[in-house]
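Numbered from 1 within each chain, the chains take letters A, B, ... in sequence-line order.
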Amino acid sequence: MNRQKTFYSFAAPIAALLMALFVTSLALLAGGHNPLVAFQKMVHYAGSVDSLVVVLNKSIPLFIAGLAVAVGFKMNLFNIGVEGQYRLAAIVAAAAGAAVHLPAPLHVAFILLVAMCVGAFWAGIAGVLKVTRNVNEVVATIMLNGVALGIIGVLLGWKPVATLQGAFRSTRPLDKSAWMPTFNKLFGLNKSITDSYGFIVIAAIVGVIVHILFTRTRFGFDLKASGMNPGAARASGVNPKAMVIRTMLISGALAGLIGMSIVLNQEHRFTQEFPQQLGFGGIAVALVGRQKVGGIALAAMLFALIARVSQVLPEPPLRAPKEVGTIMQGTMILSAVIAYEVVRRRAEAAAVKHAAEVTAAAHVGVLS
Amino acid sequence: MTNDRHGGVGSSADAPSVSPAIQLVDIVKRFPGVVANDGVNMTVRHGTIHALIGENGAGKSTVMKILYGAQRPDEGHIIVNGTETHFKSPKDAIALGIGMVFQHFMLADNLTVWENVVLGAEPGKSWRMDENAARTRIEELSKANGLGVDPEAFVSELGVGERQRVEILKVLYRGAQIIILDEPTAVLVPQEVDELFQSLRELTAQGVTIVFISHKLDEVLAIADDITVIRAGKTVASGVRPAEVTARDLAELMVGSELPSPETRTSTVTDVVALELDGVTLAGGNDAAKKPAHTAVGAGAVSTGRLALDHITLKVHKGQIVGIAGVEGNGQTELLETIIGMRTPTSGRILLAGDDLSDDNTRVRRERGMAYIPEDRQRDGLMLSSPLWENVMLGYQSLAPFSKGPWMDKAAGRARADAVVKNFDVRTPGIDTMALALSGGNQQKFIVGREMLSNPSVLVAAHPTRGIDVGAQAAVWDAIRDARETGLAVLLVSADLDELIGLSDILLVMLRGRIVARLNPATVTKSELGQYMTGAKVAEEAA
């Protein structure tokens, strides 16, 4: 039985990966490129220290976004607003961080706290609307994304918060005390390429906390019960309204941390060009990672890896578009979702069959 | 013809040219390590109602699956209307006119009756459905077989009995001439059972053959023309005529022992009030206004705007079992859900051991010692894809030994799950098994065990033995009686009148959201109770 379980938990992701490679090959062939050459170049490109550092850096916000989305998914609550929450949290935290002067650890902690509060507040609005006015959280969070974008535009144009720096408007730069340390020495990095973000430590701690929250706490149990069977959860004493609010607040607080590796380790401010789409990336990562912390971490790294290695495609002699990487990610998501469902049904059918056999055996045993 | 059932049967049996509708000969079906069917023989005469009875796990469901093509036998022959057949899938079975009505209905609530019936077998061209043809056909079928359901009604508005008739319509619509019914009465109240039997007789009068799977012996004796009994995968008696046997004979054939009875011996009622309801009133919302399933009651009831619960006042003492009788849809579900805190009453008070808990939520009520066996175990009682050791904590996740502050203790869950499985005879490969893998009866035993082992002071239970077999039923009754002796207060809703009369210290009858009679179970008869339940008889004190 255990061997079977292990097989089931590995079969789906591997099937999804093979499917993604297959469809990507078709796309490359259709464009007149040799997929084998492409894959070979990609693998080669992946195998450098630079690539490793970039992949780790890029996977940090995806990982946290995946966690933020997964908290909601656990109870069938779709926080599509992670996108707006992290951007709003990032600009407010960056502006607030620039406005204060504190010793290093406190300064970082202050910025993180502001970011989490803003994210939680923004997500909480959707939660309150759902509980009090029965507004679907998908609709509410999508609308709030638009509102958040508007507010960010206003803030960037507002003198006390943002100034024109070079070609872009951005918030005022943070003091050095708010810069997260790097792991450059560990990787022997040459400063000119990229920093290795020290924020990864915070991301790992957050991951461990969320894992404990999911698996060891009563909140995690209530969350799981609410997602699996709202009726049974209610009969067991879970207050569905309170759960919606709590879950949205936690999801939003996590969302607030998404942009922090960029603010604290890279830009040290919020710029007009702040990375977008990380919230939607989080949805993909949560799906592929099956809403489990370890799975989300692997999925985030895989997505970051694909994004990294597809950079090599436009180079001569291949000259394939780097959007092939997006095709690969998209296929991954679709095939993963389908494969998980197939595997889930198989596993359930197997469990039913096994139980029926054991029961029948026990019964015959008793009578004979 | 309808009234002359046995005459009809005689004539078809006498005519040698009519071959049996179904013949199973020496059916053997093995699963790895176990033989589920080991020589099942069964002959179902054309146009009759044939009961297949046996305990849970005796192999009934395997026979059923073989009959409608979901499984293939390893040995033996299936002969349908005189021709040997080999089903590859249920499609082959339905092509030969064999249809199946499952215990759990498979209907889409937000579609109408006719839409549900044609779903998957829509008439007309591939791109356009011929709605009129569908409606006409369904109305014809419904009339010809006395099923009497309104094709335009939404399934969400129908009671359990009507839903079942929609399921029967579905298989008839697909051309079934042989219908297999899996424990069709498990979900029905007595009046609905009578209606179902009436429908079944009309169906047989039209030439339809019925295979009726059950373990309710009274009903089998009332409806069947022939009975086949299986035990441990073997046919132990076949072609039994109901006139020739008693329920006790059948029970002995099924289990090899006497039928247990739900009788409560001596009174353990104390004068300490454990649970008190004082004028509890609940408005009839959308889901509360579900039409009463029974038309005799539904005809008189004003289903819109009436109160789901109308000033319910009752007391349950320590050591007392208060039984609630009533036709489904008269407020019993709402009553239990209000007591446990899933619905908020418009007025009235709920007191537990003298403390007013009216404003407290379900969790507080659970923590104060209320246990709850819900009416629908899959909807309200289990996390189906979670293992048993997690399910055992459901409802008690905020209580010792499962939680310490915000932390959950898995080891405590595993230990309790082991105890439930052992003490309540839950047949499962282990406590890591997902709840969905258990049969309905074992799920029910698991829930009963979970609630009883939590050591509650008040148990609020709906149909605690629904769908479980004779032996397990006795175990559940024993558990409730034992707990009652040590001071448990029980509010029991059940559709099984024997269970109600046997277990209860006092019986209350609910009709249209009100308590219309308080009866002594020692003196009341089943038919008297039925009259109160339908409103045919009105208690003087309540009138």
Side-chain angles (χ1 to χ4, degrees), chain A residues 1-2 4-5 8 74-75 209 212-243 246 290 340-341 343-368, chain B residues 31-36 38 55-59 61-62 231-233 255-256 337 340-342 361-367 372 374 376-386 390-391 393-398 402-403 405-408 410 427-430 432-434 436-439 442:
Chain A
M1 200 61 193
N2 264 331
Q4 209 174 9
K5 252 188 187 162
Y8 280 129
K74 282 261 175 189
M75 72 167 289
I209 291 173
I212 290 172
L213 188 73
F214 281 172
T215 57
R216 302 266 164 190
T217 66
R218 201 211 301 168
F219 175 80
F221 189 89
D222 285 352
L223 187 69
K224 189 174 174 184
S226 307
M228 272 190 178
N229 188 344
R234 225 154 61 84
S236 83
V238 175
N239 178 346
K241 292 186 170 179
M243 276 310 281
R246 271 182 226 153
R290 297 181 72 186
Y340 291 150
E341 183 59 19
V343 162
R344 188 184 66 80
R345 288 188 192 179
R346 286 268 167 98
E348 285 186 2
V352 171
K353 203 174 149 207
H354 180 63
E357 284 165 18
V358 170
T359 312
H363 200 85
V364 171
V366 167
L367 286 165
S368 54
Chain B
F31 294 110
V34 58
V35 187
D38 186 15
E55 272 212 295
N56 285 358
S61 48
T62 308
R231 182 168 82 216
V255 297
E337 290 184 356
I340 195 70
M342 292 170 72
N361 59 23
T362 306
R363 175 144 294 166
V364 173
R365 294 181 198 199
R366 289 269 201 182
E367 286 169 352
Y372 176 49
D376 186 330
R377 56 183 166 244
Q378 300 205 345
R379 195 190 63 205
D380 292 338
L382 293 168
M383 299 185 284
L384 285 175
S385 37
S386 270
E390 268 185 8
N391 271 291
M393 301 191 277
L394 192 66
Y396 301 95
Q397 62 261 48
S398 63
F402 305 130
S403 88
W407 307 106
M408 297 291 286
K410 288 185 185 186
R427 310 255 170 91
T428 169
D432 288 308
T433 301
M434 286 185 277
L436 60 88
L438 268 55
S439 68
N442 281 307

Check whether [X] gets within reach of chain A through its side chain, its backbone, both or neither, counting any heavy atom under 4.5 Å.
X	result
L436(B)	both
T428(B)	backbone
S398(B)	both
S386(B)	both
P374(B)	neither
M434(B)	side chain
Q378(B)	backbone

| said: Can you tell me how far apart CG (L394(B)) and CE (M228(A)) are? Round to the nearest 0.5 Å. | reply: 10.5 Å
| said: Could you measure the distance from the NE2 atom of H354(A) to the OG1 atom of T433(B)? Nearest 0.5 Å is fine. | reply: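 The OG1 atom of T433(B) is 6.0 Å from NE2 of H354(A), to the nearest 0.5 Å.
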If you take all heavy atoms of [X] and [Y], which pair is closest and at what distance?
X	Y	answer
A355(A)	A437(B)	CB-O, 3.3 Å
G405(B)	R218(A)	O-NH2, 3.5 Å
A232(A)	G381(B)	CB-N, 3.9 Å
M342(B)	G231(A)	CE-O, 4.1 Å

Options [options], ranked by heavy-atom pairs under 4.5 Å with chain A, top entry:
options	result
R363(B), R366(B), E367(B), K410(B)	R363(B)
P429(B), G395(B), P406(B)	P429(B)
R365(B), R377(B), M393(B)	M393(B)

| query | In this structure, are over 12 heavy atoms from other groups packed under 6.0 Å from R344(A) atom CZ? | reply |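 More than 12 within 6.0 Å, yes.
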| task | Just grab all the side-chain hydrogen bond (donor to acceptor under 3.5 Å, both in side chains) pairs involving residues 227-239 of chain A, residues at least two apart or on different chains. | result |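 Only S236(A)-Q397(B) qualify under side-chain hydrogen bond (donor to acceptor under 3.5 Å, both in side chains).
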| Listed by chain and number, what are the side-chain contact (heavy atoms from CB on, under 4.5 Å) partners of T215(A), not counting sequence neighbours? | H211(A)
